[in-house]
Amino acid sequence: MTGTPPVPATLPQPLLEAVHALPLPERRRAALAAAPDAHLLLDAAVDLGDTAPDGARALLDALRSHAPQEAHRQYATHALATLLRRRGDADTADRLIADLLDSGRLDRVLALLLAEEFAADGALERALNCYNIACRSILSGPAETVADLNRIGLMPLLGRAAVRERLGLSPDGHDLAAREADRHLPDAAAELRRLAGGTTAPDLPLPELPEDFSGAFPQDTGAPRPVPETVRENHAFFPHPALGEARERGLLSADAADPAAHHHTVERTLRAQARGFPDVRLGTIAVTPDEVAAFAAEHGLDPADPGTLRAWVSAVPAPDSPHVAPWPPERNHPCWCGSGRKYKKCCGSASLR
C-alpha cells in the first residue's frame, strides 16, 4: 500500500493490526487517517462484505473484541451475524444474536432493529423482549406520558403493542395509550394528499444505505408526489459544544458516553422516519441544556426524560424556523451535527443502520 495514508495509532492496537491486514481501498484508509473511530471501521466492514467477506469477518471480530464502546461491539456482532447468515452459516449467526440478547446490556436502538427482524420472522417472544428493551425508558413511567410522543416516538410502542396482540396478550396501559395517541396524530400520507396543491417541492435525497438496513425504503414507481413545505417533522439535538454540559446535567443517557452516540441516535431516528413516512420533510434543530431545563420547569417535566426533548421541539420552535436545517444534507456537505466532517463520513455513513 505504498503512498496510502497510514491508519493512525489512536485506534487500539488489535484493531490497528486488523485494519493493516485488510485490502481496504485508499479512500477508506484516508478517511480513517482523518478521523479514526470504530464507526468508520463498521462502515469499512460493510463495504468488504461482498468483495472480501473473510476480511470483513476479521475486522468485525476485531471490533467485537476491541472496539472502545459497548454499542460498537454490539453493532459489530449484529453485522457479523448478518454476514454469516448470507454465507449460509445460520447456526453461528443465531448463537451470536442469542449472546447479544443474554448480555443484559443490549443497546436500545439495536434492540429496536432486532425487534423488527424477529417480528418479521415470526419470533414473537424474542421480538417482544427486544421491544421492551427499546421502550424501557417509556415503560418505566406512567402510560399518560405516551400522549406527549410524536409519531416517531410511538413507533416502538406500536410495534410492541402489535406483537403483544399477536401473542394473544391483553393490552396493557402503554398499549392502549399508544393506540389512542396514534388515532389522534395525523396520518402522514393522508395529510400530504389533502394538502397537496399548486406548490410543489422536490423530494429530499436520502443517504445511501445498505440493503440490510432495518427495513427497505418504500418503492414508488409512480410519478413524484408534491410535498407541501408546511408538512415537516423536526428533531432536536444537543450540538457538540453542549454535549459535556448536557451529560453533566443528566440530559443524556448513561450509554451516551461516546460523544457521537447522541447524534447517531438522532440520525437513526431520522432514517427510520424517512423509511416509514417518506413524504414528510425532516429537519434538525440544535437546543441548549438551558433551553431544555427551562422548558421542563415551565411544564412540570423531567428534563432528563427523552420525551421532554421531543416535547420541546414540538412546542417551541416553529416548524419552518430559520434555525431548522433540512435533513439529510448533501453527502459532501457538512454534517448536520456540527462535527465539521462531511455528512457521508459522519452521521450519513452507511454503518449507522
Side-chain angles (χ1 to χ4, degrees), residues 1 4-8 10-11 15 19 22-52 55-56 59-60 63 67-69 71-72 75-76 78-79 82-83 109-110 113 202-217 233-235 237-240 243 258-275 278 280-286 324-353:
M1 286 282 181
T4 59
V7 177
T10 51
L11 291 171
L15 279 179
V19 171
L22 292 175
L24 290 178
E26 183 171 347
R27 64 180 179 82
R28 273 284 175 238
R29 293 184 181 276
L32 286 166
D37 60 32
H39 164 62
L40 287 180
L41 291 180
L42 281 167
D43 206 5
V46 171
D47 280 359
L48 290 171
D50 292 327
T51 59
L59 179 53
L60 290 170
L63 282 165
Q69 299 295 329
H72 290 142
Y75 277 97
H78 179 264
T82 301
L83 175 65
V109 177
L110 182 56
L113 171 60
D203 289 332
L204 291 174
L206 289 173
E208 296 174 9
L209 299 173
E211 290 183 359
D212 59 350
F213 178 59
S214 172
F217 289 110
E233 181 84 25
N234 296 325
H235 293 260
F237 69 95
F238 294 112
H240 276 270
L243 286 177
D258 176 4
H262 168 61
H263 300 130
H264 290 174
T265 298
V266 174
E267 174 74 19
R268 292 186 183 103
T269 302
L270 286 160
R271 293 188 187 188
Q273 183 166 9
R275 184 192 69 225
V280 174
R281 300 179 67 81
L282 302 174
T284 57
I285 184 166
V324 172
W327 181 93
E330 294 288 343
R331 287 175 56 76
N332 288 312
H333 286 189
C335 188
W336 58 265
C337 73
S339 66
R341 296 165 60 193
K342 290 182 179 180
Y343 175 64
K344 68 181 181 182
K345 297 297 185 183
C346 192
C347 294
S349 170
S351 66
L352 283 179
R353 295 187 289 281

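Worth saying up front: this structure is predicted, and the values here are computed from it rather than measured.
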**Q** Who pairs with K342 by side chain to side chain donor-acceptor pair (under 3.5 Å), at least two apart in sequence or on another chain?
**A**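 Testing K342 for side chain to side chain donor-acceptor pair (under 3.5 Å), a comparison that skips the adjacent residues, returns none.
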
**Q** Please step through side chain to side chain contact (heavy atoms under 4.5 Å, CB included) for the pair S349 and K344, ending with a clear verdict.
**A** CA-CA 5 Å; S349 170; K344 68 181 181 182; over 6 Å; no

**Q** From H240 NE2 over to C335 SG, what is the distance, rounded to the nearest 0.5 angstrom?
**A**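 So the gap between those two atoms works out to 7.0 Å.
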
**Q** Run the side chain to side chain contact (heavy atoms under 4.5 Å, CB included) test against P239 and tell me which residues pass, sequence neighbours left out.
**A** F237, P241, A242, A286

**Q** Determine yes or no for a side-chain-to-main-chain donor-acceptor pair under 3.5 angstrom, with T265 supplying the side chain and A261 the backbone.
**A**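 Here the side-chain-to-backbone pair exists.
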
**Q** Listed by chain and number, what are the ring-ring contact (aromatic ring centres under 6.0 Å, His included) partners of F238, not counting sequence neighbours?
**A**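 Here the qualifying residues are H262.
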
**Q** Would you compute the distance between atom SG of C337 and atom NE2 of H264 and round it to the nearest 0.5 angstrom?
**A** 7.0 Å

**Q** Rounded to the nearest 0.5 Å, what separation is found between the CG atom of L113 and the CZ atom of R268?
**A** 9.5 Å

**Q** What closest approach, in Å, do G283 and V324 show between heavy atoms, and which atom pair accounts for it?
**A** CA-CG1, 4.0 Å

**Q** Please round to the nearest 0.5 Å and tell me the distance separating atom OG1 of T284 and atom CH2 of W327.
**A** 10.0 Å

**Q** Distance-only, no hydrogens or angles: does the T82 side chain make a donor-acceptor pair with backbone N or O of H78 under 3.5 Å?
**A**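 Here the side-chain-to-backbone pair exists.
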
**Q** For L63 and A76, which heavy atoms make the closest approach, and how far apart are they?
**A** CB-CB, 3.7 Å

**Q** Can you tell me if Y343 uses its side chain to pair, donor with acceptor, with the backbone of W336 under 3.5 Å?
**A**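 It does not hold such a pair.
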
**Q** Measure the CG-NE2 distance between L270 and H235 for me, rounded to the nearest 0.5 Å.
**A** 4.5 Å

**Q** So how far is it from R341 CZ to C346 SG, rounded to the nearest 0.5 Å?
**A** 4.5 Å

**Q** Ignoring hydrogens, what is the shortest heavy-atom contact between A67 and H72? Give both atom names and the distance.
**A**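 What the structure gives for the nearest pair is CB-CB, 3.7 Å.
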
